[in-house]
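Every value quoted in this text rests on a predicted model; they were computed, and no experiment measured them. Chain letters run A, B, ... following the sequence lines, proteins first, then strands; residues in each count from 1. Reckoned from all heavy atoms, side chains included, excluding hydrogens, waters and symmetry mates.
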Amino acid sequence: MYFQINDWFPVFLSLRVAFIALAAVTCFGLPVARLMARREFHGKDLLEAAITLPLVLPPSVIGYGLLMLIGKNSILGKTLTELGLTLIFTWWAAVLASTVVAFPLMYQSAKAAFKSVDINYEKAARTLGAGEIKIFFTITLPLAWPGIIAGLVLSFARGLGEFGATLMVAGNIPGQTQTVPMAIYFAVNAGDNVTARTLVAIITVFSFLVIFWVNRWAKRQNH
Amino acid sequence: MNTLLEISGLHLNAGKFALKNINISMARSDYFMVLGPTGCGKTLLLETIAGLYMPAGGAIILQGRDITRLPPEQRSIGLAYQDSLLYPFLTVKENILFGSRGRGKAGDPQIRRHLEQLVEAMNISGLLDRYPAGLSGGERQRVSLARAIVKRPPLLLLDEPLSALDPRTRGAMQELLRQIHLREGLGIIHVTHDFTEAMQLGTCMAVLKNGAIEQRGAPCDIFFHPATVYVAGFLQGENLLAGTILTINGRRWFRQDNGPLLFGPLPLDCGAAIADNPGSQKRKMLIRAGNLRLGRQPPESANSISWTASVSRIALNRTHADVYCHGSGNWQASLSLARWRELQLSAGERVNLWVNPENLHIIPEN
């Protein structure tokens, strides 16, 4: 038994899912983190708890929640199906699961990073004639960069390794929704040690390289 | 007067703290010092003028334009903070041009030319391509200053620009600020807790206490004629005496509590201050150390109030000697170094102290 060309599918799918989920948590996580770091409003503590919840809930609970949200019998699921956009048991459902579980990690890191930025830097920028948007991209973001990088790495890793919730909403359909963690689990179950070991090796080496490269890059940025 | 900035009835609430009824009027030629201790609202006042906080009431008029509700980026007011707040990931040049980029002004020949002039005047031309991390405190402060004024704002706000600097750099920076004020033709509001700095730089001055202006005027006037005991204390008023106002033959006199001395007749301008507060005749009187004279012989003028005391301690400064005496109270007299060397004073010696009546200042409010 050898590792075949088809066996690479989970690797590419996992990467695709993890990168799209990463893009999603970045787009949503950064603005939300920025808002929570700098503004005071009613119900902030409740919102904070709600945002952080997926971090502490068991993945199966998240999976069940998502099933209720986008499942065939849910209002959203039905509406989407009528529009021809079925999410459930497609790889997009895996993206959704990864996004939900990775979001708190991005949010927490980014919020801490934004809070650590001396607010006077932003005030000074305003008196120099910069508007809010320009300040966010040219001052706040670069100053918060190290913390945001940490958030990116954590959420990417979390998205790449997502198993429980993904299994419940995307299933384990080889060639369609079978990600690496899924493939490893079912390969081991079926006694296919060659596939399991190869995938484990690939994902380990890849993760190692990513973290190594990000650390090097962050170190250079600090100089 | 050609008014640059007119602030009237400004109120601001910031949590438990508030700025109360701030009135400031200044010309472009003014170097306005705001003096006060930590926590009196100095920085908040600057930030409100710059537009970083919205006032609850009052108006801010800059060059005839009401800017009270304008966001900071539309006010053209420069602000330089105590810690220079240079962006660490930008070079010195990029920092200075930060506010000029992104609006198509990067190539603006006027700003280019001004940048060249400024870096020349501030002696930072060799630093343009360096990053802030490699600069000294004084260099950073100069870059921060250049950044605040490169777009030629008519008004520059300085938040304790000298406090973080060592004494030698501070002197040079002070001179630079004076130069900028004159050459760039911009009005400056400079906040500090150091009254010496305020006296040296300011053409006008306001003393701030708990978010309200306690006294406003020319630095010299405030120095010799503080309006309240608080101001006298903050300006390190020497020889602050407690006593009672007496009226003798139609003229007013000040009798020292816990001592035999009677000072007067008081200058006529003290009269109004006393009349304002007829309830209590208990007052504080200030004799600045520079107005208290000292010698071995009694004074020649018969008008002077004179008494004897013994020298307890002499402290030498760069330009003058502070002589501390004891006798009918504790006294501090300031002598020029030349005068001090001429007298050859030593501790324990009996001397005559005297003061001319016109140098007596009764503090209007307790």
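Per-residue counts of heavy-atom pairs under 4.5 Å with chain A were compared for L157(B), V150(B), L79(B), L52(B); the largest is that of L52(B). Heavy-atom pairs under 4.5 Å with chain A were tallied for G51(B), S144(B), P72(B), P71(B); the largest tally goes to P72(B).
Chain A is approached within less than 4.5 Å, heavy atom to heavy atom, by no residue from residues 121-140 of chain B. Residues of residues 13-48 of chain A never come within less than 4.5 angstrom of chain B, heavy atom to heavy atom.
Each of L45(B), I60(B), L10(B) was compared with I24(B) under the side-chain contact (heavy atoms from CB on, under 4.5 Å) criterion, and only L45(B) meets it.
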| query | Hey, mind stepping through E116(B) and R112(B) against salt bridge (charged side-chain N to carboxylate O under 4.0 Å, His left out) and telling me if it holds? | reply | CA-CA 6 Å; E116(B) 279 165 30; R112(B) 290 263 158 218; over 6 Å; no

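Using a 4.5 Å cut-off between heavy atoms, I77(B) touches chain A through its backbone atoms (N, CA, C, O) alone. Contact annotation for L86(B): only backbone heavy atoms (N, CA, C, O) come within less than 4.5 Å of a heavy atom of chain A.
Scanning for side chain to side chain donor-acceptor pair (under 3.5 Å) contacts around R126(A) gives E73(B), with sequence neighbours left out. The side-chain contact (heavy atoms from CB on, under 4.5 Å) search around N23(B) returns S8(B), N21(B), R216(B), not counting sequence neighbours.
Below 30°, between 30° and 60°, or above 60°: for Y31(B) and H190(B) the angle between ring planes is between 30° and 60°, a tilted geometry.
With hydrogens and angles left out, the side-chain atoms of T68(B) and D66(B) include a donor and acceptor closer than 3.5 Å.
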